[in-house]
Amino acid sequence: MPTREPARPHGRHTPVRVKARRSAGDVLAGIGSLIVLVALVGGVPYALLTFVGPPIAPELLDLDLLTSRVGPSTVVAVLVLLVWLAWFQLFVCVLVEVYAGVRRVGMPARVPLSGGTQALANKLVGAVLLLFTAGAMVVPLAKLAPTPAATPVTAVAYSAPIVEKTTLDTHKTKKVYVVQPPHGRHHESLWEIAEKCLGDGRRYPEIYRLNQAKEQPDGSRLRMADLIRPGWVLDMPDDARHAHVVPVDQPREQTLREHPGRASVGQHADRHADSKTGQAEKKVEAKHRQPDQQQQQPDRPQATIRQSQTTDLTDYLATASLAAAGLLVVLARRRREQLWRRVFGRRIARPRDDAAQAEVALRLGGDAPGARILDIGLRLLGAELAAQNRTPPTVYGAHLSPRTLDLWIHPPDGDAPAPWMAQDGGQVWRLPAHEGRLLEEQAGGAPYPGLVSIGTDASGRVLIDLEAAQGLINVRGPQTTAALAALAVELATNRWSDRMRITLVGFGEELTAIAPDRIRAVGGLAEVLPELEAIAAPRREVLTGRITGSPRDAHYLLSAVAPTHEEARRLALLARRDTAGYVLAGEVPHATWTLEIGDDGRARMAELGFDVQAQLLPRRHYQALIDLFRTASQVDGEAVSEAEPLAGLHPPAVEIRMLGPIEVIGLRPLEEGRLALAAELLVYLATHPGGVHPSVLGGVLWPRGVQDMVRDATIARVAEWLGREHLHTDEAGRISLGPEVRTDWALFRELVRRSHGDPTARAVLLEKALGLVRGPLLSGRQPGRYAWLAAEDLEYDVAAEVADAAHQLCELRLAHGQPDAAVAAVRAALLLAVDDEGLWRDLLRATHATEDTVRLRAVVEGLTRRAASHPYGGGMAPETEALIEELLPTWRIHVVRESSA
């Protein structure tokens, strides 16, 4: 069967709603249900009125009934009344179910004391509506509590940099730049414009913020930082060079007519402050100046050109906090496997451009504590319910905030297992965050693997359980594929699931690079429908199996291809009897829930009353993630960057220690609340000796934005703490550290460099270098800080060079018959590069050389335990296992005995 094209966005073509086809079985079931409904709703009261009379018999109106003796007629009258009441209860249930199904309001209102009766009405009405309507689908009964109110938060409002207004001929002016036509295949970018006009390409976000969404002469607007067009007139920061000076209220079309070409050097005015009046003045330089010399600069390296295409990815990736946490865990597992194959003298491959920026965004937004609470809290809930022999309730949605984890359940149950608490009459089960943080890891099964984020509200994240719809979920809107991609990524990487299969239809083949064991991609629904129908399982059986140790694979189908009429019908019937999740794009007539993604980026689900900021993964961000994981799968590695030699090894005035806990030596103590930010600023400057512009520092230290005055005040405070003599500013405004400020990392590299040129002192110099290592790189840093490391060489270089130095020293010591010194060298490096399997193999060889079998066995047992309980999983490298087999053939026997004990 040919693959169908994905449904087109609503904004382009109006979709046509078509009637669904029904099988003979559907028709017979609907006719039978209709007959039963007519008999119950109309036939029962007719029979009662005909044969036994009205609801209230005359005997029940006798005022002496309570004191007189009860006869047979009175008993019959009471029984008749009870029958009438039961019929009335059924009638109300039918009305509620019909209203919910026809109006598609989602979950019907709960009729008090009508559990079994309403369930019967639900099934009968559902079958009848499937017969008479194309789109109605009655959903299971539930009543969700409202989203918890937002917790009052005191926030600091960040704004874009304020452009200082200057005067020219007594009129307010501004600086603008006209984007030029391409020269050959070369197109201008914001990076190049920032590099030419502001002196630093990394200041491109300033230009982007000044022009975002402003209408250009061609009627279009700047939406993405890497998409600018020739003829656009861009507002520029006040310190821009090679820009046109125009009246502030001049239309862009007029500016383009008057200034179609590049601005010469003399067309911008240099300001100077008048010391008496304090007012800014403008001096227009002479017209006869040389043309802009920037045009003659040679072509830049391809890597720099690619970097100019980078845009801020935090808008989507950093806000997807649970998905970011899961992606970081999977990424760390891949990096650990890369380290298994790292060779001496090379580091593992690092991401670049958008892929690197994607990892920065993940580090900024990853909510590992929230993911942990969700995982452990749900597993504990399942374990407690299993111990009480209770079936887990249906969870329609969840809300995760910094204060609580709420589950919206059906049916309402006031008996929530501790430490969960029942709220709102048992409709909500709540786990306070402070209780969740104290929970220990749980070994129980994951009862709700289908919980996935659809977006955020004012106080936290909103999740839905794809299985709870017990029907089809329809996703519609212009960003359907972006919404499906976001769902797929979070499902594939979440930690609150065990065994999962995700089938992607019509998209996402590249996502197998992230989770090949969970994701498969197919071209059409016809490829998977027979298999899904064959493995369907009832919900109660699956939920019970998950918490009692006999789980089935959770399965979710996400389709960017609109189903045919027959496929939609089969899927609708399948979803009602299967515990799985079915999310489909296009017009789906049998959908239980509909997730509308609007042009404004809001996700709305009317059936559940949700209106949240949608979690999306647009194409560019999606591709950045794919590139990031492809880089993490490369095994060849790359050369370590070269170090700048030091002039001498004398003690510096200020030392910044990075090879372990962060320390700044040689300065007076700083207030605890300001130390972390000041130390990060110094570390960034120390690792960028060429200088950094304040605007770039602002973007690094405050990636979500900051006011210029806050940034400048912080820099001034650090300058005062460090000493003005140690903080330099060049003519372009770049800030750099003086020569008397040094890092232990720079000293480490210098010692290693000198060891290569002095064979007689090589061991001593390497030993001194390894003596600088005190722990993991920049350990003790606060969560969310140093995310910029993901786009730098530093982490990769440090891990590789420390491990290589230890390997060299280990070999030297073993060659001189000093196995204990070799062991000490390797253990020093393991403080920082603990995941480098080459170091563990060096430790095994060095320990074996001591001829102490007990000591060797202790190393093997420690390595085995670490591999089994590693937070990123993955076991041991095959080469490491082979070496253990060679050095200690009986190790597996001891491991089995250890685990049995």
Side-chain angles (χ1 to χ4, degrees), residues 332 334-351 631-645 659 745-773 776-777 792-849 859 863 866-867 874 876-884 886-887:
R334 297 292 176 79
R335 295 259 169 84
R336 182 165 178 251
E337 293 172 358
Q338 278 183 300
L339 283 170
W340 290 358
R341 299 170 177 83
R342 189 188 74 85
V343 298
F344 180 83
R346 296 180 70 82
R347 69 187 187 193
I348 64 174
R350 82 164 182 87
T631 302
S633 300
Q634 296 177 12
V635 296
D636 293 338
E638 55 193 23
V640 176
S641 58
E642 294 185 5
E644 289 290 333
L659 303 180
W745 169 235
L747 178 59
F748 179 96
R749 303 188 90 178
E750 179 64 16
L751 290 169
V752 173
R753 187 184 69 82
R754 294 191 180 194
S755 74
H756 296 158
D758 188 353
T760 59
R762 178 173 298 173
V764 174
L765 291 171
L766 289 174
E767 197 166 60
K768 285 185 177 180
L770 290 169
L772 299 173
V773 177
L777 177 69
E792 303 279 341
D793 290 334
L794 184 64
E795 278 187 335
Y796 301 87
D797 285 346
V798 169
E801 292 195 46
V802 168
D804 286 349
H807 176 73
Q808 292 181 68
L809 185 54
C810 177
E811 293 293 323
L812 286 172
R813 295 303 190 192
L814 289 177
H816 288 86
Q818 300 173 309
D820 287 327
V823 169
V826 177
R827 288 201 177 276
L830 283 171
L831 292 175
L832 187 145
V834 69
D835 282 333
D836 194 308
E837 288 274 310
L839 282 177
W840 286 101
R841 291 193 287 273
D842 284 340
L843 181 61
L844 287 168
R845 282 189 287 264
T847 307
H848 180 263
V859 172
L863 180 55
R866 182 180 178 280
M876 257 187 284
E879 295 87 345
T880 306
E881 288 198 24
L883 180 59
I884 296 175
E886 176 187 341
L887 302 180

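Worth saying up front: this structure is predicted, and the values here are computed from it rather than measured.
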- Task: Walk me through it: do L772 and L751 pass the test side chain to side chain contact (heavy atoms under 4.5 Å, CB included)?
- Result: CA-CA 10 Å; L772 299 173; L751 290 169; 4.2 Å; yes
- Query: Which heavy atom in A803 sits nearest to a heavy atom in R342, and how many Å separate them?
  - Reply: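 Scanning both residues, the minimum pair turns out to be CB-NH2, 3.5 Å.
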- Query: Does NE2 belonging to H816 count more than 12 external heavy atoms closer than 6.0 Å?
  - Reply: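 It does not: H816 NE2 has 12 such atoms or fewer within range.
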- Message: Just checking R754: does its CZ atom have more than 12 heavy atoms from other residues, nucleotides or ligands closer to it than 6.0 angstrom?
- Response: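 Atom CZ in R754 is packed in, count exceeds 12.
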Say whether, by atom type as modelled, one donor and one acceptor occur between the side chain of [X] and the main chain of [Y] under 3.5 angstrom.
{"X": "W840", "Y": "D835", "result": "no"}
{"X": "R341", "Y": "E337", "result": "yes"}
{"X": "R762", "Y": "S755", "result": "yes"}
{"X": "D804", "Y": "G345", "result": "yes"}
{"X": "R336", "Y": "W340", "result": "no"}

- Task: Could you tell me the separation between the CD atom of E879 and the CD atom of E837, rounded to the nearest 0.5 Å?
- Result: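 E879 CD to E837 CD: 8.5 Å, rounded to 0.5 Å.
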- CZ on R350 to CD on Q338, rounded to 0.5 Å: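 Q338 CD to R350 CZ: 13.0 Å, rounded to 0.5 Å.
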- Checking side chain to side chain contact (heavy atoms under 4.5 Å, CB included) for the pair E881/I884: CA distance, chi angles, key distance, verdict? CA-CA 5 Å; E881 288 198 24; I884 296 175; 5.6 Å; no
- Item | Set of side-chain hydrogen bond (donor to acceptor under 3.5 Å, both in side chains) partners for R845, sequence neighbours left out |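 R845 satisfies side-chain hydrogen bond (donor to acceptor under 3.5 Å, both in side chains) with D842 once adjacent residues are dropped.
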